[in-house]
Amino acid sequence: MAFNFPLSSSLKKARWKVKIRDRERCEPPHVTIIKGTDAWRIDLRTREFMDDSPDPALVPKELLNLIFEEKALRQICEQWDKMYPNDKVSGDSGNEE
Amino acid sequence: MAIKSKEIQKHSKMFLLDHALKRQFHFASLEPNVISKKSQIGELSQHATKDSLWVSYASDLTNALMKNMPNSHSSLGLGLFIHPLDVNLIPVLSSRFRSIAYAANGGFLCPEELTEVFEADNRDDLFIGCNVDVKTETITFWRGNLKPLTVAFNAFGISGDGTKPNFEKCCVIDSGLTVQLGDYEAAVDAILYENDPEYRRRLSKLRLQEDQSFGASLRRLRKQRGLRREDFEPGLNSKTIARIEQGKVKRIHVRTRNILSQRLGVEPSEIETF
């Protein structure tokens with residue numbers, strides 16, 4: 001089941017969403033921030049934006065602070081691991097073997 | 001990742017065929033010519049061009065449009081039909097429009113989100129609706145430029161947490177960024193990435209700073225398929241896969257490439273496009 005990270009009412013009202021969907025491009029584990037027709041992917045291993053476009057600066061700091069809070073981030077990572085057991089956040093980072 | 005297409009242009013003229021006059025306010029930013037009566041069709045439709053966008057919520061107005069348009073008229077542009085559609089009318093509509101979109105049993109985004117997609121720079125890579133065909137076990141998704149993309153049911157694998165896609169409850173949400181199949185959701189960019197080589201090619205161009213080697217493509221594709229390096233055995237052992245992915249193998253043998261393509265479910269020549 002798709003994971004929707006709970007947001008404050010002001011962020012929800014502004015149409016922000018934070019999701020992990022059952023079918024994502026698995027490269028690498030990430031969470032997707034959505035507003036309207038724009039989506040930003042954040043790498044759960046490096047905690048960095050994966051794409052230059054749309055401009056990461058458009059994502060409010062309030063939202064980033066929420067998802068980067070230790071407990072929240074752990075919850076998001078656990079959700080990813082549950083949905084993508086073959087590509088866990090703590091797993092293969094491409095440097096093994 | 002937003003991809004701007006060269007093909008993107010604003011619709012030069014929008015025509016809204018609708019009896020519900022309230023709905024036109026949601027399309028206001030597209031400045032639609034509203035046709036709510038059959039008598040308005042003849043005059044207004046003369047202004048249509050090959051780049052016009054037609055959105056119809058009324059089957060009687062669609063029928064009247066087809067009857068009133070002279071055969072000499074060039075393409076009417078793009079046609080989106082958000083009402084029950086007689087299947088016999090589809091070939092007629094296809095011959096008069098450059099591209100058409102319709103849904104017998106699926107649905108389209110609400111007017112606000114449709115407008116948002118039509119105005120988006122990346123609208124080619126957003127979905128506006130879907131049509132499920134249970135007989136062929138496929139879903140046709142309509143993109144923001146009204147071009148169709150047909151995807152087999154089996155492209156939607158069961159989620160790691162056991163959630164299965166429910167194809168009877170298919171709809172597009174999140175302003176064209178997500179496909180919802182009951183409790184199951186799929187990212188539109190993942191669907192495009194898996195099923196549209198042209199999308200992958202455009203994405204690859206944007207990855208200028210990323211590794212474009214065969215090994216990197218193989219690794220991305222293997223991850224996409226949810227496979228471990230061991231999953232290529234007995235044909236190829238995991239150490240060989242690791243060496244290829246790490247760029248330590250300079251020439252990939254034809255047999256190796258064939259085993260990889262079989263296991264990954266793509267043509268041998270397609271591996272590099274991932």
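A, B, ... follow the sequence lines: proteins, then strands. Residue 1 opens every chain.
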Is the closest side-chain heavy-atom distance between B:Y184 and A:R23 below 4.5 Å? yes
For chain B, which residues from residues 6-19 of chain A lie under 4.5 Å away (heavy-atom distances)? A:R15, A:K17, A:K19
Is A:K82 salt-bridged to B:D161, going by a charged N under 4.0 Å from an acidic O? no
Is the shortest heavy-atom distance from the side chain of B:V188 to the side chain of A:R21 under 4.5 Å? no
To the nearest 0.5 Å, what is the distance between CD1 (A:I34) and CG (B:L177)? 5.5 Å
Between the main-chain N or O of B:E185 and the side-chain N or O of A:D22, is there a donor-acceptor pair closer than 3.5 Å? yes
Looking only at heavy atoms and a cut-off of under 4.5 Å, which of B:L126, B:T178, B:V117 has the most pairs with chain A? B:T178
For B:S175 against A:G36, the heavy-atom pair lying closest together: CB-O, 3.4 Å
Which residue in the set B:R222, B:R225, B:R220, B:K223 passes salt bridge (Lys or Arg N to Asp or Glu O under 4.0 Å) when paired with A:D87? B:K223
Determine whether A:T37 and B:N122 make a side-chain contact, defined as any pair of heavy atoms from C-beta on separated by less than 4.5 Å. yes
Side chain, backbone, both or neither of B:I173 within contact of chain A (heavy atoms, under 4.5 Å): side chain
Please classify the contact between B:E113 and chain A as side chain, backbone, both or neither, with a heavy-atom cut-off of under 4.5 Å. side chain
For the atom pair CE (A:M1) and OG1 (B:T163), what is the distance rounded to the nearest 0.5 Å? 6.0 Å
